[in-house]
Amino acid sequence: MSLIQPRTLSGFRDILPELMMPREELIATAQRVYRSFGFAPIDTPALEYLEILSGKGSDETDRQLYRFRDNGSRDVGMRFDLTVPLARFAAQHVPKLGTPFKRYHIATVWRGEKPQRGRYREFMQCDFDTIGTKSVAADIETGLVIHDLMRAIGFEQFTIRVNNRMVLNGLLEKLGLVEKSTDVLRALDKLAKIGREKVVAEMMATAGATAVQANAVLKLAEFAGSNNEILDEVATLVSGNETGEAGVERLREVLSGAMAAGVNESHVKLDVSIARGLDYYTGVIFETFLDDLPTIGSVCSGGRYDNLAGLFTKQELPGIGASLGLDRLLAAMEELGLIDQVRTPAPVFIPFFDKERLGDYLRLAADLRASGIGVEVYPDPKRLGQQLKYADSRGFAIALIAGYDEFEAQTCQVKNLGRGESAEVSLATGIDELLAQIESILTAS
RNA sequence: GUGGCUGUAGCUCAGUUGGUUAGAGCAUCGGAUUGUGGUUCCGAGGGUCGGGGGUUCAAAUCCCCUCAGCCACCCCA
């Protein structure tokens, strides 16, 4: 009989313990930060009616959508982001939930894209959104969540790029380019990558802009200096246009609000050239890059939208939110060497050393677990040296060694595997001394 | 979805102009050492040369297709 070749689909992958453990930690960190701002968790189905997902109807999402006919002949699709499901969810439940409604949603999404480094066909997003308010406070808070999240994960070298669609739209109105805005913005967005000349050429080619128009748009994106200096320059450029002026004012409030909340200016950069993000963004836009690995792309993006659920309800639901690309961030951290090589989730190891005493080992482990310490007992009574070798390769912090001698004396050796030191503690009156010993080793390492 | 580069053991890679039975280091497992790991020594397992087809007396090596990874485009977390 021929064997089936074990393999995974392009863009899909297995996650081994040494990657899954930091991944779970990342999820826990995101949950903690979101909750600290009052965002509540929700979940939605992975599968939706096709019409829900493709309602927006853009060619691109259509191409990337995993879709099929289910066993009941329904046309269904797998969610490709968490925002469209949120829109459906909000339209369905907002009467019960009330607004403002703040939710976070950590879940897997699927896109049939061509995979690359940090780009998968199955990946996890960690979204948080505030719907039902147009307040600038929510805009500011969104920036703060991104900032706190990045720092909680352990990053100091990151830049949150901020812009406002209204500034761009205002300028385009002024220049008479509004109806070509998508093409213009798409070209503008490539500025950092392909340079000024090519951007001008592309604007002229795809958007039908004149050289004068193209250069005027580029002028906006080329101001240098502090955030406030850039803002002042931009303000003069869009002056006279209501949309643009409102956009500048909003950006000023967002930036000063973030500073007021204690965000360091090095982490927030006004960048008038970032234009993308999904079509539904209408106000403030965020994109977050790692200073040490900018080529992997944005690891947390989001923005404000006027009417999230317009496809599903007549009730207008404005909101703002962002999405942490967990798997992309993890790929970046792996590449930057920020992933610990520990392969055990439990810090304490008990060698199964005296084969007559399995019950005692299990009892000791149970007592420690009851005190909140993770403990693994080796399953086979092999040579002690081999068991310690195993403990070492998995990254255990502590081994508790007890054999005939220790059991006779009612003691146990506490071996610090990091330092190679061993101490003997008494178990005659309980495990308090042992716990204290373990805690001191764990806090030191 | 379009174009390009790459693919030999779990990992990193050798492998001559096509020429016997495809090698090394690391990792794994066992032993030296049946009560003390990260060092050392010895040994073992592990390969459809990504897969399929073709050219040839002969293919890891040349050709075609396919799968996967990476890069660019598109788009995006």
Side-chain angles (χ1 to χ4, degrees), chain A residues 2-14 16 26 30 58-65 80-83 106-127 146 182 186-187 189-190 193-194 198 202 206 274-279 281 286-290 295-302 322-332 335 341 349 351-355 378 380-407 413-422 424:
Chain A
S2 71
L3 294 170
I4 298 164
Q5 188 192 355
R7 55 183 186 153
T8 51
L9 290 162
S10 174
F12 292 72
R13 71 252 164 82
D14 293 324
L16 275 55
L26 230 42
S58 103
D59 293 349
E60 196 54 38
T61 56
D62 222 49
R63 208 184 73 194
Q64 296 184 355
L65 195 60
F80 59 89
D81 71 7
L82 300 178
T83 304
I106 299 176
T108 306
V109 303
W110 296 267
R111 292 183 193 173
E113 284 188 288
K114 194 105 170 175
Q116 276 178 41
R117 179 183 59 150
R119 270 178 90 151
Y120 310 103
R121 288 182 168 174
E122 178 181 65
F123 60 98
M124 186 164 273
Q125 289 194 317
C126 307
D127 277 36
I146 297 174
T182 308
R186 190 170 291 153
D189 198 62
K190 295 179 192 169
K193 210 164 195 173
I194 66 178
K198 288 182 178 172
E202 184 171 327
T206 64
I274 64 161
R276 52 184 172 179
L278 301 171
D279 295 342
Y281 291 139
F286 297 99
E287 290 206 325
T288 310
F289 291 88
L290 302 177
T295 53
I296 204 146
S298 171
V299 295
C300 188
S301 305
S323 179
L324 176 75
L326 186 102
D327 286 297
R328 174 172 293 179
L329 185 64
L330 202 62
E335 195 165 329
Q341 286 310 302
F349 177 74
F352 181 9
F353 176 47
D354 181 338
K355 57 174 169 295
Y378 198 78
D380 297 297
K382 291 212 275 189
R383 272 190 17 233
L384 181 59
Q386 281 180 36
Q387 297 191 49
L388 289 175
K389 202 167 184 171
Y390 166 85
D392 182 54
S393 70
R394 293 297 158 105
F396 282 93
I398 295 165
L400 301 183
I401 301 171
Y404 180 84
D405 299 340
E406 285 82 1
F407 283 123
Q413 284 183 47
V414 180
K415 190 174 176 94
N416 182 332
L417 290 169
R419 308 181 61 125
E421 296 161 355
S422 200
E424 191 155 289

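Throughout, a chain's letter reflects where its sequence line sits, starting with A, and its residues are numbered from 1. Fair warning: this is a prediction, and the values are worked out from it, not measured in the lab.
- Distance A/Glu421 CD to B/G37 C1': 14 Å, rounded to the nearest Å.
- One cannot find a donor-acceptor pair under 3.5 Å joining the base of B/C67 and the side-chain atoms of A/Arg7.
- Side-chain atoms of A/Glu113 and base atoms of B/A77 include a donor and an acceptor less than 3.5 Å apart.
- Contacts of A/Gly112 with the nucleic acid, taken as non-hydrogen atoms under 4.0 Å apart, are absent.
- Ring-plane geometry between A/Tyr390 and A/Phe349 is classed as tilted, the angle between the planes lying from 30 to 60 degrees on a 0 to 90 degree scale.
- A distance of about 13 Å separates the P atoms of B/U16 and B/G7, rounded to the whole Å.
- Computed from coordinates, the A/Ile296 CD1 to B/C75 C1' distance equals 16 Å when rounded to whole Å.
- Contact annotation for A/Arg186: backbone-only contact, meaning every heavy-atom pair under 4.0 Å involves sugar-phosphate atoms and none involves a base.
- Looking only at side-chain heavy atoms (C-beta outward), A/Pro381 and A/Phe353 stay at 4.5 Å or farther from each other.
- Annotation: side chain of A/Gln387 is not in contact with side chain of A/Asp380 (no heavy-atom distance under 4.5 Å).
- Pairing for B/G38 is absent, judged as Watson-Crick or G-U wobble with the two contacts each under 3.5 Å.
- Rounded to whole Å, the C1' atom of B/U56 lies 29 Å from the corresponding atom of B/A68.
- Atom pair A/Ile146:CD1 and B/A77:C1' shows a separation of 12 Å (rounding to whole Å applied).
- Comparing B/U21 with B/G47, their C1' atoms are spaced 13 Å from each other, to the whole Å.
- Counting heavy atoms from C-beta outward, A/Ile194 and A/Glu202 have side chains that approach closer than 4.5 Å.
- With a 3.5 Å ceiling on both atom-pair distances, the Watson-Crick or G-U wobble partner of B/A24 is B/U12.
- Closest approach to the A/Leu417 side chain among B/C74, B/U36, B/G37 is made by B/G37 (side chain taken as heavy atoms from C-beta onward).
- Residue contacts shown for A/Gly11 are limited to sugar-phosphate atoms, with no base heavy atom under 4.0 Å away.
- Here B/C71 is the nucleotide among B/G35, B/G37, B/C71 with the atom lying nearest to any side-chain atom of A/Arg117.
- In this structure, A/Ser10 reaches the B/G69 phosphate: one of its side-chain N or O atoms is under 4.0 Å from OP1 or OP2.
- Residue-level contact check: A/Asp405 touches the bases, meaning some heavy atom is under 4.0 Å from a base atom.
- At whole-Å resolution of the value, CZ in A/Phe407 and P in B/G35 are 14 Å apart.
- Checking B/C57 for Watson-Crick or G-U wobble geometry (two distances, each under 3.5 Å) identifies B/G19 as its partner.
- Phosphate contact (OP1/OP2 of B/A72, side-chain N/O of A/Lys114, threshold under 4.0 Å): absent.
- One atom, CG of A/Leu9, and another, C1' of B/G69, lie 14 Å apart when rounded to the nearest Å.
- With a cut-off of 3.5 Å on both pairing distances, B/U33 has no Watson-Crick or G-U wobble partner at all.
- B/U36 atom P lies 12 Å from atom CD of A/Glu406, rounded to whole Å.
- Put simply, CZ on A/Arg13 is 13 Å from C1' on B/G69, counting in whole angstrom units.
- Nucleotide B/G3 has B/C71 as its partner under the Watson-Crick or G-U criteria, with both atom distances under 3.5 Å.
- Among the nucleotides B/G69, B/C75, B/G37, the one closest to the side chain of A/Lys389 is B/G37.
- Residues A/Asp354 and A/Tyr404 approach most closely at OD2-N, 3.8 Å, considering heavy atoms.
- A gap of 24 Å separates the C1' atoms of B/U12 and B/G43, to the nearest Å.
- Heavy atoms of A/Gly385 sit under 4.0 angstrom from primed sugar atoms or phosphate atoms, though from no base atom.
- For B/C65 and B/A9, the C1' atoms lie 27 Å apart once the distance is rounded to whole Å.
- Closest to the A/Tyr404 side chain, of the nucleotides B/G35, B/C74, B/G37, is B/G35.
- Within 4.0 Å (heavy atoms only), A/Gln387 reaches no atom of the nucleic acid at all.
- Within the structure, a side-chain polar atom (N or O) of A/Gln116 is placed less than 4.0 Å from OP1 or OP2 of B/A72.
- For A/Arg119 and B/C75, the shortest distance from a side-chain N or O to OP1 or OP2 is not below 4.0 Å.
- Annotation: B/G4 and B/A60 have their P atoms spaced 27 Å apart (nearest Å).
- Side chains of A/Leu26 and A/Met124 form no contact here, defined as non-hydrogen atoms less than 4.5 Å apart.
- Spacing between B/C70 and B/G52 at atom C1', rounded to whole Å, works out to 24 Å.
- Using a distance-only test at 3.5 Å, with no hydrogens or angles considered, no donor-acceptor pair links the side chain of A/Arg121 to the main chain of A/Phe12.
- At B/G30, one or more side-chain N or O atoms of A/Gln386 fall inside 4.0 Å of OP1 or OP2 (strictly under the cut-off).
- Pairing for B/C49 is absent, with no Watson-Crick or G-U wobble pair whose two atom distances lie under 3.5 Å.
- Of the candidates B/A32, B/A77, B/G35, the closest approach to any side-chain atom of A/Phe123 belongs to B/A77.
- A side-chain donor-acceptor contact under 3.5 Å links A/Arg328 to the backbone of A/Ser298.
- Two residues, A/Ala402 and A/Gly325, neighbour RNA chain B, and the one matched to the more 5' nucleotide by heavy-atom proximity is A/Ala402.
- In this structure, A/Glu122 reaches neither bases nor backbone, as no heavy-atom distance under 4.0 Å exists between it and the strands shown.
- Here the nucleotide nearest the side chain of A/Arg328, chosen from B/C75, B/C76, B/A68, is B/C76.
- B/G37 has no base stacking with the ring of A/Tyr390 when judged by centroids under 5.5 angstrom apart and an interplanar angle below 30°.
- A/Leu65 places its CG atom 18 Å from the P atom of B/C75, with the value rounded to the nearest Å.
- Nucleotides B/G19 and B/C63, compared at atom P, are 15 Å apart to the nearest Å.
- Residues A/Val109 and A/Leu82 are in side-chain contact: their nearest non-hydrogen atoms beyond the backbone lie under 4.5 Å apart.
- The residue among A/Leu324 and A/Lys415 whose nearest nucleotide of RNA chain B is located toward the 5' end is A/Lys415.
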